[in-house]
Amino acid sequence: MAKPDLPKSAINPRREEDFPEWYQQVVRAGEMAEPSDVRGCMVIKPWGYGVWENMQRALDVMFKATGHRNAYFPLFIPLSYMQKEAEHVEGFAKECAVVTHHRLELNAEGKMVPASPLSEPLVVRPTSETIIGASYAKWVQSYRDLPILINQWANVVRWEMRPRLFLRTTEFLWQEGHTVHESEAEARAETRQMLDVYETFARDFLAVPVYTGEKSESERFPGAVQTLCIEAMVQDRKAIQAGTSHFLGQNFSRSSGIQFQTRDGQQAFGWTTSWGASTRLVGTVIMMHGDDDGLILPPRIAPTHIVIIPVMPKPETRDAVLTAANDLAAKLRAINWHGTPLEIHVDQRDLGGGIKSWEWIKKGVPLRVELGPRDLESGQVAVTRRDEGQKTKRFLPASEFVSQVVETLEAIQQNLYARALTFRATHTRRIDTREEFYDFFTPKNSAKPEIHGGFALAHWNGSREVEEKVKADLKVTIRCIPFDDPLHAPEAGHCVITGEPSKRRVLWAKSY
RNA sequence: CGGGGUGUAGCUUAGCUUGGUAGAGCGCCUGGUUUGGGACCAGGAGGUCGCAGGUUCAAAUCCUGUCACCCCGACCA
């Protein structure tokens, strides 16, 4: 671009200017996904799907390591199954897609119309507790059949009003674990264990620090006894739920008839759990780490770790540069990182170096390496880290780069996590007065709200009324009641809204 | 589903008030010069102006209806 007013950042608008628009532009510029012709549904493009695949792989390993196996259950759920659990069906009724016919026929006007009504409508699964419960009821006879520890990778449909790429789409991809246990304690332990898996995954792979805790009753999964969650703060300081784990008690086993004979010969209902994480994680990563030049992918989930850009200014050096680039790629691919070979891409396209660089910047590739004729002579490469500023190119000997590349990737991963943790700490506040609470969550410019607020740790009297009032006034909700840990130990105080006694602080925020 | 807004090329849009052959930038294609952080020159392709109807000699422009999308509310991983 020859314009004198050339933007300094690759993404317009910048985050501070208009965060939602920035997000959409990043998704697009990074070729992660695009809206489809089907309202509310998205096309996940190869780069975005590659990120999801890496998330899947990592989570799958963790699920297997905790004794789970994968299976697959039907997309369609008979309406009568959904109705078995009263709270459950009530919670999901408004967002169910319903299949009522099974055949198309030409009508008199030559248009295809649904022809054969189903005897019983089928609901496209918004989640699978009921259909999986029906199978489990058949599989479980004795305590010897327990526990059942199964996960499925699937798509689900929730007919949402407001779609946002990756964050809230009508159809989305996820995994849902469904387990049955002999005892309440075992099921509760499972619920907590899987939440810990999500927390570890978020930290180690996504470089996302999360709050862990329990949902208040009003935010609980429909039909659950207890819902645990991980909540992250993204760069507009809103909270995003990145994973949930539910203790379902015996609610679903009663409604599905999951019964077994106990060790002492009694009939008992199983104790079930379910837990899930979705493609929303992709959106979380984008909003967590991206900057005004686009995506920044944590190395551990980046589809490509390193892109090598051969610089070929002259035809006579072209072959030598290409050969050197591919040799370097081969050396790097021979390196294993966390059990798999490094993913290296040599961008040989006949395009200007700047164009190529910017493309990979916007896609968030952790490391870019430029290799040109001058480097061949000096044995150097030019390396740029995506998590550092625009112009932080370093020249270093190729052999040194190769020998240190693993450390460098680890450093990027750590840096992203540390940065996110600092950001969250900066915008998390313990608040003890109603005035400060309202001030914290009220933008200065109500016409075009600036990025404001964050996480508030404040006391709560435990009532649903207070939650509803705060939500009505400020659009702020309790994201979680943090677990007991050294940082968030129970602490007596007074409800920030009513002044009534409170045993602990809870986490408040605006949320996605 | 309520309230507001917008539909013109792949994207961003001008033109609409005052009807008269649909323009630009970016992107794309071809050739050449280029290539170490968003290059340049020349040529080229691409638009039923969301859709349907109406008014008119004539509609992107005026009228009616309709659909889609966006923003705000109620719901959500």
Side-chain angles (χ1 to χ4, degrees), chain A residues 1-3 6-12 18 20-21 24-25 28-29 34-35 37-40 90-96 126-127 156-164 166-176 198 215 218-219 221-222 227 229-232 239-246 274-284 293-294 309-315 317-318 321 347 349-362 368-376 378 380-384 389-393 395 446-449 471-472 475 477 511-512:
Chain A
M1 261 188 279
K3 289 183 190 166
L6 189 151
K8 286 186 191 133
S9 63
I11 302 297
N12 281 304
D18 185 345
E21 182 61 23
Q24 291 199 49
Q25 295 304 325
R28 195 178 138 135
E34 62 189 30
D37 292 343
V38 183
R39 190 199 138 82
E90 195 187 322
F92 282 106
K94 277 174 281 184
E95 40 198 271
C96 284
T127 180
V156 285
V157 166
R158 297 183 186 175
W159 213 265
E160 302 289 354
M161 304 286 180
R162 292 258 198 101
R164 287 250 262 147
F166 287 116
L167 302 175
R168 190 191 300 110
T169 46
T170 300
E171 179 190 14
F172 58 95
L173 307 182
W174 78 346
Q175 59 67 215
E176 48 180 326
Y198 290 139
K215 283 293 187 192
S218 58
E219 298 274 329
F221 176 77
T227 289
C229 62
I230 58 174
E231 294 277 336
I240 185 162
Q241 180 174 309
T244 49
S245 185
H246 314 291
S274 67
W275 27 274
S278 72
T279 38
R280 175 179 259 199
L281 290 171
V282 178
T284 303
D293 289 323
I309 302 176
V311 182
M312 302 171 288
K314 297 192 181 74
T317 55
R318 187 187 160 87
V321 170
D347 189 348
R349 291 173 302 167
D350 187 20
L351 289 172
I355 289 181
K356 288 198 254 191
S357 286
W358 281 107
E359 189 175 311
W360 295 111
I361 289 168
K362 287 183 280 191
R368 301 190 304 284
V369 177
E370 288 168 29
L371 184 60
R374 296 208 297 271
D375 305 314
L376 259 51
S378 60
Q380 290 188 328
V381 290
V383 180
T384 314
Q390 284 192 2
K391 309 265 183 185
T392 54
K393 194 185 288 185
F395 288 89
S446 58
K448 193 177 187 306
K471 188 174 180 182
K475 293 184 219 162
T477 51
S511 73
Y512 277 93

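Only this structure's heavy atoms are used, side chains among them; waters, hydrogens and symmetry mates stay out. By convention in this document, chain letters (A, B, ...) are assigned in the order of the sequence lines, proteins followed by strands, and residues within each chain are numbered from 1.
- A search for side chain to side chain contact (heavy atoms under 4.5 Å, CB included) contacts involving A:Thr170 returns A:Cys41, A:Val157, A:Trp159, not counting sequence neighbours.
- A donor-acceptor contact closer than 3.5 angstrom is absent between the side chains of A:His246 and A:Ser274.
- Among residues two or more places apart in sequence or in another chain, the salt bridge (charged side-chain N to carboxylate O under 4.0 Å, His left out) test is passed with A:Glu171 by none.
- With sequence neighbours left out, A:Phe166 forms a ring-ring contact (aromatic ring centres under 6.0 Å, His included) with no residue at all.
- When each of B:G38, B:G36, B:A77 is scored by its nearest atom to the side-chain atoms of A:Thr169, the top-ranked nucleotide is B:A77.
- The side chain to side chain donor-acceptor pair (under 3.5 Å) check on A:Glu95 picks up nothing, with sequence neighbours excluded.
- In terms of the side chain to side chain contact (heavy atoms under 4.5 Å, CB included) criterion, residue partners of A:Leu351 (sequence neighbours excluded) are, by chain and number, A:Arg349, A:Ile355, A:Lys356.
- For A:Glu34, the salt bridge (charged side-chain N to carboxylate O under 4.0 Å, His left out) criterion is met by A:Lys45, not counting sequence neighbours.
- Stem regions annotated for RNA chain B: B:1-7 with B:67-73, B:10-13 with B:23-26, B:28-33 with B:39-44, B:50-54 with B:62-66, counting only runs of 3 or more consecutive pairs of Watson-Crick or G-U type with both contacts under 3.5 Å.
- By the ring-ring contact (aromatic ring centres under 6.0 Å, His included) test, A:Trp174 pairs with A:Phe172, sequence neighbours left out.
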In B/S/- notation, 5' to 3', how is nucleotides 4-11 of chain B contacted by protein heavy atoms closer than 4.0 Å? -------S

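- The salt bridge (charged side-chain N to carboxylate O under 4.0 Å, His left out) test applied to A:Lys475 returns no partner, not counting sequence neighbours.
- Under the side chain to side chain contact (heavy atoms under 4.5 Å, CB included) criterion, A:Gln380 pairs with A:Asp375, A:Ser378, A:Phe395, not counting sequence neighbours.
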Set out, line by line, the N/O atom pairs under 3.5 Å between protein and nucleotides 70-75 of chain B.
residue	atom	partner	partner atom	Å
B:C72	OP2	A:Arg162	NH1	3.2
B:G73	OP1	A:Lys475	NZ	2.2
B:G73	N7	A:Arg162	NH2	3.2
B:C75	O2'	A:Glu95	OE2	3.4
B:C75	O2	A:Glu160	OE1	3.4

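- Residues A:Gly243 and A:Ala382 each lie close to RNA chain B; by heavy-atom proximity, the contact nearer the 5' end of the strand is made by A:Ala382.
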